[in-house]
Amino acid sequence: MDLFEYQGKQLFAAHGIPVPSGEVAETPAAAKGAAEGIDGPVVVKAQVQVGGRGKAGGIKLAANPEEAHDRASEILGMDIKGHTVNTVWIESASEIEKEYYASVTLDRGEKKPLVMLSAVGGVDIEEVAASQPEKLARLHVDPLVGLQPHDARWLTFTAGIDPEAMKGVVAILEKLYAAFVATDASLLEINPLILTKGGDVIALDAKVTIDNNALYRHPDIAELQHSVTTDPQERMAHEKGVTYVKLDGDVGILGNGAGLVMSTLDVVALAGGRPANFLDAGGGSKAEEVEAALDVLLSDPKVNALLVNIFGGITRCDEVAQGMITALDRIGATLPIVVRLDGTNQAEGLELLSQKAPSNVVVEQTMLSAAERVVGLAKEVQSA
Amino acid sequence: MSILVDESTRLVVQGITGREGAFHATRNKAYGTQVVAGVTPGKAGQDVEGIPVFNTVRDAVEQTDANTAMVFVPPRFATDALYEAIDSGVELIACITEGIPAHDMLRVYTHLKRGQQVLVGPNCPGVISPGKATVGIMPTEVFTPGRVGLVSRSGTLTYQISKELADMGIGQSTVVGIGGDPIVGSSFIDVLERFEADPETDLVVMVGEIGGAEEEKAADFIAANMSTPVVAYIAGFEAPPGKQMGHAGAIITGSSGTAQGKKEALEARGVKVGTNPTEVAEIVRGMV
């Protein structure tokens, strides 16, 4: 789960990492009010989960509350790479002396946390890692030992952090690592981490990803899910406990198991279609899960045809068929639905469909033929 | 031969009295696996379909010589179950549980006695050596004994490809589901190394997906260390960057980890990559 910048900064502040003081606003008037509570000029920052906000005009300086109002009215409602700006973050403008970079991530290959620090910040860090690898200090941490103060010092010396910022950077690295562990984060990134003209080291940005598997022990963070999910289908899927990601095509996809569903998207694309979504009904899908999944898919007006691709293992094909029949009876959808069932109880599932499914449900024997069929049907619907 | 599980496997099932645990322990036993014990704290003395239940993994190992543990414990308690399995000294641990926090797995992996113990999973379907033994939740009817090894991050995709192979009359030596989480006990390379050393595996199918860099590392390993040919499949070409695709591991971060990048890395080192599960099976048929 990815947090917005302002949520990340609030999380940082709660773990003792210095951030500029600020407030959230959803209207220009609220932005003005927020700016009135802050001494001096402010920055108005679009809250969207996509990079390149600054270049897109989503971050603007305001000298006074009136300007904050005007800048917020320009930014609110803006579309940044497909993300609509619904919220702005108003924060005290910082006088930047130097920009650094700091992060903690999970290194999947090494199976250890990885702390990275660079004296080159405020830029695309992947670019720095590729072109000037010596400018990025990296340290893997033994998860049973944790980041020790000498580790943090080693990182700052190796990265070439300015002497006047050393103490502040070391303190922030220690707190950042502690926050990483305490919040079950997969990523905590500060870019830029700045040294101000006044000599303070503060986090000017916050990129935070929390492990979904650990949200059960962070109810305060889990609560933020609602605010970060704005798409109606994604929100509905989350409420129903269905793993769903919206894509931009018109062929709805329902499958079981993440790998098989990803493979299904690929096969549909190879057949010339465009998947409307990723939906994994789960490795052990039962009738109720299939019903919930169809509720989500059929609520999306962009879906012209649907492909149900199931390989029964723990999942039983007859359960899937039953879920489909119940859902279609209730919803009464008329769009074409192509079904491919294989594995456990395939014969029973197909029998159920042939007896009880409406006529818009057609069966194909293989994944490839099912993909071709559904792409053809989606095109017919689109041109009709 | 085969790898990881065979006739000598003596399995203890942690969480055996739960609904899923009991169901799959019984199925593993019915397939021919020696399921020698189950563990549920406080339920020692009971049995599940004739499988004796113990309070601790240590008791089970001492009294039944179990050498393999399967973890079926819900995610909130699975970390503890994994530590318990590690400390009992079993050689192989297969963790089926889905939803274990990654930070817990960092600590578990660090505690694992690597070199003496192998952890497969979590969030995996287990391991099967067709005709010999199965440890996990794989639908056994999909697999037939043969000489092709298979290692995969995805369960249902494993079944799909195995079925396509079976339709062509090609069986498997061992099938290993390494799991879809970011932090897993065994990587592709760990399993490929074992297949390379197995005289009864003539070819390996590697099924990867977006996220991480393990497929790319495996490509280097294959080029440098393997005489056994490898055929690969990668899922997730249509996955947009930054979106999590169900498996916690299947997320693209930055430029590395894309399906296209993985395919190119593998092909650059001479590994054939099928564009769909059927084509993978066809490539294999042409090579065995």
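So that the names make sense, note that chain A is the first sequence line, chain B the second, and so on, each numbered from 1. The basis for the numbers below is simple: all heavy atoms, side chains too, and nothing from hydrogens, waters or symmetry mates. The structure presented is a predicted model; accordingly, all values stated were derived computationally and were not measured.
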Quiz prompt | Ionic contact status for Lys163(B) with Asp167(B), cut-off 4.0 Å | solution = yes
Practice problem: Go through the atoms of Lys111(A) and report whether side chain, backbone, both or neither lie under 4.5 Å from a heavy atom of chain B. | Solution: both
Exercise. Measure Val181(A) against the heavy atoms of chain B and call it side chain, backbone, both or neither at under 4.5 Å.
Key: both
Quiz item: Thinking salt bridges, do Asp318(A) and Arg316(A) make one under a 4.0 Å N-O criterion?
Solution: yes
Quiz prompt | Test log, rule side-chain contact (heavy atoms from CB on, under 4.5 Å), inputs Cys95(B) and Ile100(B) | solution = CA-CA 10 Å; Cys95(B) 183; Ile100(B) 302 177; 3.8 Å; yes
Practice problem: Against chain B, label Asp142(A) side chain, backbone, both or neither, depending on which of its atoms sit under 4.5 Å from a heavy atom there. | Solution: side chain
Quiz item: Measuring heavy-atom distances to chain A, does Arg76(B) have an atom under 4.5 Å in its side chain, in its backbone, in both, or in neither?
Solution: both
Quiz item: Tell me, side chain or backbone of Arg274(A) under 4.5 Å from chain B's heavy atoms, or both, or neither?
Solution: neither
Quiz item: Looking at Asp266(A), Leu260(A), Asp248(A), which makes the most heavy-atom pairs under 4.5 Å with chain B?
Solution: Asp266(A)
Quiz item: Which atoms of Glu141(B) come close to chain A, meaning under 4.5 Å heavy atom to heavy atom: side chain ones, backbone ones, both, or neither?
Solution: side chain
Practice problem: Would you check if there is a donor-acceptor pair between the side chains of Asp104(B) and Thr79(B) at a distance under 3.5 Å? | Solution: yes
Quiz item: Can a salt bridge be assigned to the pair Lys262(B) and Glu209(B) using a cut-off of 4.0 Å between side-chain N and carboxylate O?
Solution: no
Self-check item: Contact origin within Leu106(B) toward chain A - heavy atom pairs under 4.5 Å
Solution: both
Practice problem: Give the member of Arg217(A), Met367(A), Gln49(A), Lys112(A) that has the highest number of heavy-atom pairs under 4.5 Å with chain B. | Solution: Arg217(A)
Quiz item: Does His238(A) NE2 have over 12 foreign heavy atoms under 6.0 Å away?
Solution: no
Practice problem: Would you name the heavy atoms of Ser118(A) and Leu136(A) that are closest together and state the gap between them? | Solution: CB-CD1, 3.7 Å
Practice problem: Answer yes or no: is there a donor N or O on one side and an acceptor on the other, between the side chain of Ser152(B) and the main chain of Ser154(B), under 3.5 Å? | Solution: yes
Quiz item: Side chain, backbone, both or neither: which part of Tyr233(B) has a heavy atom under 4.5 Å from chain A?
Solution: side chain
Quiz item: Taking the six-membered ring for Trp, is the centroid-to-centroid distance between Phe180(A) and His103(B) below 6.0 Å?
Solution: yes
Quiz item: By a 4.5 Å heavy-atom criterion (distance strictly below it), what part of Ile189(B) contacts chain A: side chain, backbone, both, or neither?
Solution: neither
Self-check item: Region of Glu214(B) that comes under 4.5 Å of a non-hydrogen atom in chain A
Solution: side chain
Exercise. Could you tell me which portion of Tyr109(B) (side chain, backbone, both or neither) has an atom closer than 4.5 angstrom to a non-hydrogen atom of chain A?
Key: side chain
Quiz item: Would you call Glu234(A) and Lys246(A) a salt bridge, taking side-chain N to carboxylate O under 4.0 Å as the test?
Solution: no
Quiz prompt | Asp184(A), part contacting chain B, at a heavy-atom distance under 4.5 Å | solution = both
Quiz item: When only pairs under 4.5 Å are counted, which of Ser263(A), Gly312(A), Ala185(A), Ala214(A) shares the most heavy-atom pairs with chain B?
Solution: Ser263(A)
